[in-house]
Structure formats: C-alpha cells, structure tokens
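Residue numbers start from 1 in every chain, and the chains themselves are labelled A, B, ... in the order their sequence lines are given, proteins ahead of strands. Note that the coordinates shown come from a computational prediction; the quantities given were computed from them, not determined experimentally.
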Amino acid sequence: MTIHLYMGNEAIGMGAVHAGVRFVAGYPGTPSTEVLETVAKANDGSIHVEWSTNEKAALEAAIGASWSGARALVTMKQVGLNVASDPLMTLSYIGVKAGLVLVVADDPGPISSQTEQDTRSFGKFSKVPVLDPSSSGECYGMIQDAFEISEKYSTPVILRPTTRICHACGTVKTRGGIADCAPAEAFKHADVDENDPSWDEGRTKPEGFVRDTLRWVVFPRTSYENHGKVERRATQMAEDFAESYHPNRIEMSGKRRAYNDPSWQNLGKASDAASFGVACGGISYHYVREALERLGADVPIMKVSTPYPFPVKMAQSFLNMCDEILVVEELDPVIERELVSLCGQDYLKRTIHGKLDGTLPYAGEQSVENVTKVLAGLLGIPAEQAAFTSAGDLATAPKPAIPARPPVLCAGCPHRASFYAVKKAVGKRPAVFCGDIGCYTLGNAAPLDMVDTCVCMGADITIAQGIKTVDPEKIVFSFIGDSTFFASGITGVINAVYNRHDIIICVLDNSTTAMTGMQPHPGTGHTMMGVDGSAVSIPAIFDALGVDNVTVNPLDAEAAQAAVRDAIEKTGVRAIIFKSPCVNISKPLHPPVVINQETCIGCHKCIDQIGCPGIIIRDGRVEIDETLCFGCQLCRSICPTGAIEKGEE
Amino acid sequence: MSNTVPEGAYPLMDKALQNGPLNCVICGVGGQGNVLASRLIADMLLAKNEHVKTAETIGMAQRGGSVMSHVRGGHPQSPLVPRGTANVMIAFEPGEAVRCIDFLAPDGLIVVNTRATQSPSAALERSSYDGTDALAWLEELPTATVLKVDGDAICKQVGSPRVLNIVLLAAAVKTGAIGCTREALEDAIRGRVKERFHAMNLKAIDLVFGA
C-alpha cells in the first residue's frame with residue numbers, strides 16, 4: 001500500500017491498470033485526456049493503448065477486445081459520447097464478455113466544452129450503469145469496481161467523473177506507483193482467488209473470440225428478448241447497489257453506514273435535526289460536507305454514487321428519515337427527479353429542494369459558497385455565519401482596472417498566420433468563416449475575428465455547404481484542424497464532393513492535437529505503443545476524393561495569401577492545407593524579432609491586425625516580449641516601415 | 001529585493017493547520033508554471049503526512065489566459081479554496097492578484113511578483129497597464145500583508161524566466177507561511193522536476209534565501 005498524490009484522471013488510469021485492463025482506446029478531450037496517458041505511461045507493453053480516430057472507433061474497437069475476452073477501457077469527454085452513442089446503445093442490449101468500462105468526463109461550468117450535458121442522464125437513456133466518483137480515492141476504487149460490475153451483469157459500465165474530480169489531486173492509497181506497477185503483477189486483483197489456476201490463465205491469456213451469432217449479432221428478435229433482460233438487469237442492479245455498494249450510503253455525525261443499518265431506525269422521530277437531510281453525489285458531496293462543517297450543522301447526508309440504476313431502497317429509507325430534503329448536484333437534476341418520483345410512487349408528502357424548485361441554479365458548477373448560503377437559509381442559520389468575507393471586501397479604495405485575459409492563440413501559432421492569410425486575401429468580399437473545435441476556435445477573438453460558426457467536431461465543413469447553398473453570393477470557408485479532420489471531417493468532404501458543393505476547406509495542420517495537450521493522431525504516424533506507424537496523408541485523401549488541393553506554409557505570408565486568392569478564383573470543392581507545426585512541439589525557427597524604435601512610427605498595425613501576445617505596449621512604446629516571441633516573422637510582413645527587424649541569429 | 005523577504009515572519013499556515021484546512025491559491029497567466037508550483041506545495045505537505053487536495057486549470061483556459069491553482073492541506077473536503085479563506089496567495093503578476101483577491105482571507109499573505117505581464121487585449125485597447133496601480137491597491141488593503149518580490153531580477157541572475165514559479169514559492173516558504181522548510185522545497189523539486197533542471201531551480205532558491 002503506497003500513498004500518492006494523484007489527479008483523478010491518474011487515479012482512474014492506475015486503477016484500470018491494477019484491474020488488469022488489456023485494451024485501452026480513446027479520443028482526447030478535456031477533462032478526460034490524462035486517463036489514457038496515465039495507462040500509456042504505466043504500460044509495460046502488455047496493454048494495447050491507442051488514441052483512436054474518434055470516440056466511435058474507440059468504443060467499437062474496445063467492444064471487439066471485450067468480446068474476445070480482454071478487459072477494455074474507453075476514454076472520452078461528454079460530447080465524445082454523442083459520437084460513440086450509436087455502438088453504446090446496442091452494446092447495452094448485447095452485453096460484454098470481459099469487462100468493458102467507458103470513462104466519460106463531464107464538464108459542469110462548462111469550463112472547456114460546448115455543452116453542459118449530463119452523462120448520468122445518458123446512462124439512464126442507454127440503460128448503462130453509471131458510477132459517480134467524488135474524489136481521487138474513489139476514482140481509483142470505482143474504476144476497479146466498474147470492471148467487476150461489467151462482468152457480473154454483462155453490461156458496459158460508465159465511470160463519470162467531472163472536471164473537479166478529473167483535474168483535482170488528492171491522496172490515494174494504491175498498491176504501487178506508476179513506476180512499480182507492472183501489469184503482470186496488477187492482474188492479481190484483490191478480489192480474485194489467485195489460487196484458482198483457471199483465473200490467472202483466463203486473465204493473462206484472453207480466450208479469444210468465440211463464434212455465437214445469437215449473442216454477438218444484433219437482430220430485431222433478439223433485441224426484443226434482450227430489452228426485457230436489460231430492464232430486469234437494471235432492477236437487479238438497483239437493488240444490489242442499494243444493499244451492498246458501499247460508496248452509496250447515508251451518513252450522519254460523521255458515521256457512515258449502509259441504509260439498512262438498524263441504528264438508523266426511528267432516527268427521524270428521535271431527532272429534530274434529522275427531519276432535514278441533504279442528498280448529493282460526485283464533487284457536490286464534498287461541497288455539502290464542507291458547508292455543513294462550516295455551519296456547524298449536523299444533518300443526514302445521502303450520497304448517491306450509482307445515479308443509474310438508482311439505489312431505490314436506500315432512497316426510500318432516506319425519505320422515511322427526512323421531511324425536507326435539499327438535493328445538491330451539478331448538471332441535470334437526476335437524483336432530485338428520482339426522489340420526486342419515489343415520493344409520488346410511495347404517496348409520501350415531502351418537500352424536495354433543488355433545481356426543480358429553483359433553490360439551486362441549473363447552469364454552472366456548484367460551490368461550497370453557494371451550498372453554504374442555501375443550507376444556512378433552509379436551516380435558519382444567520383446569514384453572517386454563511387458569509388465568506390475576503391481581504392478584498394475590506395478594501396477602502398475601489399479595485400484598479402486590470403486587463404482582461406481570455407485564452408489566446410500562442411505567440412508564433414501558425415493558426416494566426418493562416419487566419420491572417422485568408423482575411424487579407426478575402427479583403428472586403430462578402431465571406432463566411434465556418435470554424436470547428438480546437439485551438440483555432442480562438443481565431444474568433446479580436447483582432448482576427450475569423451470564426452463565424454462552431455458547433456461540433458467536423459461541422460465546419462458540412463455547415464459551410466448548407467450556408468453556401470442558401471447564400472450563394474458569399475465565399476464560404478471552413479476551417480478544421482488536422483486531428484479534427486481525421487476524427488470527423490472526412491465524411492463532410494465526401495458529402496461536398498458527391499453533392500457538388502462550392503466551398504473552400506482550410507485544413508490547419510499543426511501536426512498534433514494541440515488543445516488537449518499534444519496528442520498524436522493518424523497524420524503524425526506516432527502511436528501510443530511507441531511504434532511509428534504509417535502516417536495518413538491529408539493531401540492524398542483529397543487527391544483520392546478528386547478535391548483540388550494545395551499545401552502551403554502559413555508563415556510564408558505571401559505564398560499563403562496567393563494560395564487563398566487562387567482558391568477564391570476557382571469553384572467546387574477545393575482545399576488549402578496550411579501546414580506548420582504547433583509551437584509547443586517545435587523549436588523557434590528564429591530568435592525573437594526586434595523593434596527598431598527609431599523607425600517605428602507607432603501605428604500599431606502589428607497589434608491591430610494579428611493580436612500576438614508577443615507584441616506589447618510598454619511606456620507607450622510597442623515592444624516585443626522576448627520570453628514569448630517565437631521568431632515566426634509574421635509581424636514583419638505587416639509593419640509598413642520595416643521597423644520590426646529580424647533578431648540576431 | 002529578494003533579500004527583503006523576512007524569514008519566518010508569517011507562520012500563518014502552521015496556525016491554520018491547527019484550526020482546519022490550510023489554503024493556498026496560486027494565480028497567474030497560463031504558461032508561467034502555475035501547476036508545478038501547486039504540485040510542489042502539495043508534495044511538501046504530503047511529506048508532512050498531511051491530507052492534500054489541489055485543483056488546477058488545465059485545458060482551453062491555459063492558453064495565455066488567467067489561471068489559478070488551489071492547494072489545501074489539513075483535512076479539506078472540496079479541492080477548491082472557498083472565497084475569503086486562502087491563507088496565502090502566490091501571484092505571478094500584480095493584476096492577477098487583484099483579480100483573485102476575493103479568495104484571500106482578511107488576514108492573508110500575498111506574495112506577488114512586481115513585474116506585470118502584458119495582455120494582447122490590453123495592447124489592443126492601447127492600455128498602458130504596468131501593474132503599478134494593482135500593486136498600490138494591494139498594499140493599501142487594510143488587513144492583508146503584501147510581500148513584493150522582484151522575481152524577474154532573480155530569474156535574470158539564474159538565466160531563465162522559467163524559474164519564476166520557484167522564486168515566488170521559495171519566498172513564500174522563507175516567510176514561514178507555507179509551514180514547510182527550505183529543505184522540504186528542495187526535496188520536492190528533486191522528487192518532481194527533471195534532473196537537468198534541478199541546478200537552476202536550486203540556484204533560484206539560494207538567491208531567494210540569500211545563500
């Protein structure tokens with residue numbers, strides 16, 4: 001047993017390794033990315049780890065691994081599950097052989113996502129059980145439980161951490177660190193009888209795929225039968241989760257017990273405090289506990305760690321204990337709706353506070369601060385006790401103005417140069433710029449202002465087709481990154497070719513998946529197994545589809561603008577591949593540029609046209625921040641007096 | 001200015017440890033080494049057998065935007081430091097200290113780098129932001145303590161802007177506010193940072209401690 005400081009995602013990765021996972025696939029997406037990277041780091045070569053082209057490909061590959069007898073893990077962010085939903089819905093009916101677990105990270109806030117969708121609701125929709133960890137420690141344990149549950153009930157299982165779980169570190173007791181965690185050792189899972197010779201063989205050497213068409217081939221007739229089985233399975237799991245899954249619990253005065261512990265009997269009648277209770281799950285559980293500690297209040301807490309199938313019996317016990325319940329959860333009111341529904345079913349008259357009655361907001365994260373305030377109000381505790389007075393509240397002078405600091409494209413980022421080339425070449429002609437998901441979404445900010453639409457991975461190419469059809473007077477561009485192009489852009493290109501659309505596709509190829517932290521993708525040829533495979537060529541894909549395409553270095557401003565002007569003159573589907581590596585995976589091409597203060601006329605064109613963080617104003621003068629400048633030379637092509645000079649090599 | 005860091009003057013964190021969770025926030029601009037600073041504090045507390053939780057900004061918000069890390073020792077529930085409860089704030093530049101001031105406890109300590117980090121949006125607005133107003137405002141806070149550190153001067157002596165996080169962290173350690181020793185910080189660096197960067201980080205600590 002070793003104590004480590006693990007980020008939630010690291011704890012999940014290590015837990016999966018210790019559970020004997022053999023096949024791991026995923027697509028990068030904040031806040032889920034580090035799970036797969038952790039497994040890759042710990043891998044001694046016996047685990048297959050891959051970044052798949054997208055989440056659907058990842059899940060389908062994992063299904064094949066599970067059906068061949070190897071424990072499989074799939075990782076993605078919540079919107080990734082939308083892409084993988086097609087195989088998941090059917091897999092839920094067919095079931096698994098070896099354990100198959102999806103780690104789907106939700107993002108309340110949202111902090112870096114398009115939606116605040118709730119994977120707990122997706123679990124209910126797809127009838128797939130969902131485990132909801134509340135700390136790094138629970139991440140480590142629950143991922144191992146998830147594999148056991150998957151095999152016991154023959155179902156895929158979703159582990160759903162949220163950003164504050166994924167990216168928070170906590171102390172975790174594990175059976176070893178990344179360095180001393182050889183998977184061969186890891187297969188000796190605590191709950192398994194190591195003396196049973198068949199077990200070790202079964203785990204280390206997967207059985208392989210065994211033909212069984214009635215089981216692995218989906219037919220309407222078998223689906224009818226499986227539907228009934230799936231519903232019975234859910235009912236059974238709900239009972240088992242309430243009875244014996246210890247992260248589900250009711251606790252009071254720091255005592256944690258199963259719901260059916262006899263000492264809870266008559267609690268509601270014995271104590272006034274117990275007529276009020278709090279139901280919660282995930283990170284909200286810790287917000288609630290901290291709020292109660294702060295207020296010095298002692299009320300029963302029901303922690304729901306399996307939001308689907310809902311632990312009905314535990315909840316019924318809690319409803320019998322409390323007349324009034326506050327439900328604290330992020331995203332959808334999942335626990336709250338279950339409680340309201342149980343009140344109806346059991347003819348109980350209870351007051352339930354939460355999102356449905358407006359006590360807590362639907363959108364955004366929960367916090368210790370807002371939970372404390374709401375609890376103080378409901379418990380009749382004076383507002384002063386719930387105040388969070390800060391040093392800033394006691395300030396006597398008004399706060400000084402400080403600059404806004406939204407995320408921006410890095411100094412030297414080739415995307416800035418690509419956007420600038422298109423902007424210059426288009427000039428005053430009416431045009432639409434369809435954007436996509438990645439660092440280059442930041443091209444929407446002033447002064448570039450080059451993103452008019454953004455929906456989901458790959459949508460730039462297809463939305464452009466709809467816009468051009470209805471609004472043919474405008475030139476319609478679509479911008480897509482290299483990883484996004486592989487993930488879901490190609491289908492849209494084929495659609496454009498087949499249906500004879502008229503768009504200019506700009507592939508911003510920086511040779512990495514930059515936004516999520518430099519993951520390789522099919523275009524790079526690098527794999528998570530350390531083997532350099534065959535890189536997939538984007539120009540070759542366009543050639544094969546008969547799409548007129550040209551590759552240009554965006555940092556060569558003249559050539560890049562010429563390529564865009566050329567494309568504007570043509571019609572049909574044409575593509576420009578702007579190819580230059582991300583600054584985070586390459587060394588500066590040149591030393592920082594230098595501003596000649598003698599010849600600088602202070603026109604600020606360099607600042608106003610490209611908004612590079614490396615160009616700053618200090619004491620009224622335009623200067624270069626040498627710690628940031630990447631020497632890309634883009635600004636030099638803008639300066640009307642040639643005052644931006646090449647730095648000395 | 002490094003020599004003006006008063007040794008052992010603010011044993012706030014030790015006091016906080018006895019009274020509940022101790023809280024630290026680290027604020028700055030994406031890319032300044034915020035996450036490493038937060039992990040090093042966590043490592044030092046862990047070495048003292050504290051239960052630790054941290055929360056960091058990772059992902060889209062990193063790219064040159066405002067970032068903030070939370071570190072909590074003792075027996076924290078939430079990984080996030082609640083408003084008005086940070087015993088110590090380590091600020092990589094003055095404006096970010098002002099932005100995050102609501103996290104600081106009324107009697108908290110601010111360890112702040114004196115040099116302002118420019119922002120492209122400020123340049124677009126022709127703002128001449130240089131951090132002077134921000135520093136003056138922080139110093140006028142009636143109940144908080146401000147420790148100004150000329151981090152850039154030490155970075156120049158070390159020869160790398162990358163050690164700013166260690167400079168500020170060492171200054172905070174020197175005051176006693178983190179409740180950890182210089183040796184604990186050096187151990188944490190050896191345990192977490194790649195070996196080829198040890199020398200420059202240890203040199204930064206030497207310069208802060210005036211050894």
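For the set Asp393(A), Asp619(A), Asp625(A), the count of heavy-atom pairs under 4.5 angstrom toward chain B peaks at Asp393(A). The most heavy-atom pairs under 4.5 Å with chain B, out of Gly392(A), Cys169(A), Ala168(A), come from Cys169(A). Of the residues considered (Gly95(B), Pro82(B), Ala42(B), Pro94(B)), Pro82(B) shows the highest number of contacts with chain A, using heavy-atom pairs under 4.5 Å. Contacts with chain A were tallied for Glu56(B), Arg83(B), Arg99(B), Gln118(B); Arg83(B) has the most, counting heavy-atom pairs under 4.5 Å.
Under a 4.0 Å N-O distance rule, the pair Asp608(A)/Arg126(B) qualifies as a salt bridge. Electrostatic pairing of Arg405(A) and Glu93(B) counts as a salt bridge here, judged by a charged N lying under 4.0 Å from a carboxylate O.
Considering all non-hydrogen atoms of both residues, Ala397(A) and Glu140(B) come closest at CB-OE1, 3.9 Å. In terms of heavy atoms, Trp137(B) sits closest to Pro400(A) at CG-CD, 3.4 Å. Nearest heavy atoms, Leu124(B) versus Ile607(A): CD2-O, 3.5 Å. Closest approach of Ser119(B) and Ala404(A) over heavy atoms only: OG-O, 3.0 Å. Gly611(A) and Pro120(B) make their closest contact through O-CB, 3.9 Å (heavy atoms, listed as atom of the first residue, atom of the second, distance). For the pair Pro403(A) and Ala122(B), the tightest heavy-atom approach, listed with the atom from each and the gap, is CB-CB, 3.7 Å.
In this structure, chain A has a heavy atom under 4.5 Å from the side chain of Ala144(B), while its backbone stays farther away. Neither the backbone nor the side chain of Ser367(A) comes within less than 4.5 Å of any heavy atom in chain B. For Thr117(B), the parts lying under 4.5 angstrom from a heavy atom of chain A are both the backbone and the side chain. Only the backbone of Pro398(A) comes within contact range of chain B, with at least one heavy atom under 4.5 Å from a heavy atom of that chain. At a 4.5 Å heavy-atom cutoff, Asp130(B) makes no contact with chain A through either its backbone or its side chain. There is no contact between Leu628(A) and chain B, counting heavy-atom distances below 4.5 Å. Residue Pro161(B) touches chain A through its side chain alone, counting heavy-atom pairs closer than 4.5 Å. Of the two parts of Glu125(B), neither the backbone nor the side chain holds a non-hydrogen atom closer than 4.5 Å to a non-hydrogen atom of chain A. Using a 4.5 Å cut-off between heavy atoms, Leu141(B) touches chain A through its side chain atoms alone. For a residue to count as touching a neighbouring chain, one of its non-hydrogen atoms must lie under 4.5 Å from one of that chain's; by this rule Ile283(A) touches chain B with the side chain only. Both the backbone and the side chain of Leu104(B) come within contact range of chain A, each with at least one heavy atom under 4.5 Å from a heavy atom of that chain.
Rounded to the nearest 0.5 angstrom, Thr143(B) OG1 and Leu394(A) CG are separated by 4.5 Å. Separation of atoms OG (Ser66(B)) and CD1 (Ile402(A)) is listed at 7.5 Å; rounding is to 0.5 Å.
Of the possible donor and acceptor atoms, none in the side chain of Ser78(B) sits under 3.5 Å from a partner among the backbone N and O of His286(A).
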**Prompt:** So Val368(A) and Leu80(B), side chain to side chain contact (heavy atoms under 4.5 Å, CB included) or not? Walk me through it.
**Reply:** CA-CA 8 Å; Val368(A) 171; Leu80(B) 299 171; over 6 Å; no
**Request:** Go through the steps for Glu290(A) and Arg72(B) under the test salt bridge (Lys or Arg N to Asp or Glu O under 4.0 Å), then give the verdict.
**Result:** CA-CA 13 Å; Glu290(A) 183 153 347; Arg72(B) 313 188 74 190; 2.8 Å; yes
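With contacts defined as side-chain heavy-atom distances shorter than 4.5 Å, the pair Leu5(A)/Lys53(B) does not qualify. Lys399(A) is listed as a side-chain neighbour of Ile101(B), based on a closest heavy-atom distance under 4.5 Å. Counting heavy atoms from C-beta outward, Arg39(B) and Met7(A) have side chains that approach closer than 4.5 Å.
Enclosure of atom CD in Glu626(A) is not indicated, since only 12 or fewer non-hydrogen atoms of other residues, nucleotides or ligands lie within 6.0 angstrom. No more than 12 heavy atoms of other residues, nucleotides or ligands shown are found within 6.0 angstrom of CD on Glu195(B).
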